[in-house]
There are 2 protein chains.
Amino acid sequence: MTTPPQHDPAACIRVSEVLGRVGDKWSIQVVSALGKGPHRFNELRRAIDGISQRMLTLTLRGLERDGLIGRKVTPSIPPRVDYWLTDLGQSLLVPVQALGDWALTHRTSVDQARNAYDRMVDE
Amino acid sequence: MTTPPQHDPAACIRVSEVLGRVGDKWSIQVVSALGKGPHRFNELRRAIDGISQRMLTLTLRGLERDGLIGRKVTPSIPPRVDYWLTDLGQSLLVPVQALGDWALTHRTSVDQARNAYDRMVDE
DNA sequence: CGGCATCCCTGGGGATACTG
DNA sequence: CAGTATCCCCAGGGATGCCG
């Protein structure tokens, strides 16, 4: 086992705030997609499987408000809007990646535990 | 800027799964609280501000099912139930802590961006 | 003490249609 | 193309009450 981090109530609250911000259904995926580089609106729409236009818009607005992504409107015809990660957004990608790595590493363990649990309670 | 992690669709999906599992309103706080050591049901209830009995029960069941926490019933009178982090749960604490650190570090940046955004759209 | 069971209500989010 | 607006549904989750 690694050193168990101690419980810090203040840190807990911060974690909750972060999760409230990026823990919604789509934010992480948008940030991750923008990790590749700038994207236009419909490029993101295609890159993120299952997201609706409405939710993409709302998610992008939220991330922009929090300073995680930038937005540039080019008023051509047809209009063009580009999104990209700010430095702040890039920095968030690091711990997010760590969480993804955890998921990749321990996925089978979780699945096994889940199956064992489900068998135990019959079903 | 640090090296920007590349976008990996498979990794993205995994991140989503992890967030679906621990990104709910209470799981992280329960895991963090148990990072201190084993707790009884009502100890957790008191440690986690605002959680209802119902949600604590549901959250604990979910975490137990996923193998992140252990549960031991002592059928005394009154009954006693202890919860603790499994090794798997401990390992999750690491990336979660990283996310918490990010929140602590960048909290003011996010708040400033948010305030600036809100001023910009008037309100 | 440590739960289920039940009721109920809010809001997250999909589908669809319209606009600049 | 890139939104905004509207309708609508249902799952998350609080409050309350009962049980071993």
Looking at A:Asp82 and A:Arg71, does any basic side-chain N land under 4.0 Å from a carboxylate oxygen? no
Side-chain contact check for A:Arg40: nearest option of C:dC4, D:dC1, D:dG13 is D:dC1
Whole Å only: how far is the CG atom of A:Asp82 from the P atom of D:dG3? 10 Å
Selected nucleotide, minimal atom distance to A:Gln53 side chain, candidates C:dG3, C:dA17, C:dC1: C:dA17
What I'd like to find out is whether the side chain of A:Gln53 reaches to under 4.5 Å of the side chain of A:Arg45, using heavy atoms alone. yes
Just to be sure I understand the rule, does B:Arg61 reach a base, reach only the sugar-phosphate, or reach nothing, if contact means heavy atoms closer than 4.0 Å? sugar-phosphate
Between C:dG2 atom P and B:Ile48 atom CD1, what is the distance in whole Å? 13 Å
Using whole Å, what does the distance between atom C1' of nucleotide D:dG12 and atom CG of B:Leu56 come to? 16 Å
d(CZ, B:Arg54; P, D:dG14) in whole Å: 8 Å
Compare side-chain N and O positions of A:Tyr83 against OP1 and OP2 of D:dC1 and report whether any pair is under 4.0 Å apart. no
Nucleotide of D:dG13, C:dG13, C:dG2 approaching B:Met55 most closely (side-chain heavy atoms): D:dG13
Short side-chain donor-acceptor distance under 3.5 Å, B:Asp111 and B:Thr108: no
May I have the distance from B:Ile51 (atom CD1) to D:dG14 (atom P), rounded to whole angstrom? 8 Å
I want to confirm an ordering. Mapping A:Asp24 and A:Pro79 to their closest nucleotides on DNA chain C, which one lands closer to the 5' end? A:Asp24
Is a side-chain N or O of A:His39 found less than 3.5 angstrom from the main chain of A:Gly37, in a donor-acceptor match? yes
When the distance from CZ of B:Phe41 to C1' of C:dG2 is rounded to whole Å, what number comes out? 6 Å
For A:Arg71, answer base if it contacts any base atom (sugar-phosphate contacts may also be present), sugar-phosphate if it contacts only those atoms, and nothing otherwise; contact means non-hydrogen atoms under 4.0 Å. sugar-phosphate
Nucleotide of C:dG14, C:dA17, C:dG2 approaching B:Asn42 most closely (side-chain heavy atoms): C:dG2
Please report, rounded to the nearest Å, how far the P atom of D:dG3 is from the CD1 atom of A:Ile77. 16 Å
Closest listed nucleotide, where the reference is the side chain of A:Val81 and the choices are D:dA2, C:dG14, C:dC4: D:dA2
Output the rounded distance in Å from CD (A:Glu64) to C1' (D:dA2). 14 Å
Quick check on D:dA2: is either OP1 or OP2 less than 4.0 Å from any side-chain nitrogen or oxygen of A:Arg46? no
When you measure from the side chain of B:Lys25, which nucleotide among D:dC1, D:dG14, D:dG3 comes out closest? D:dG14
A:Arg114/B:Asp66 salt bridge by N-O under 4.0 Å criterion: yes
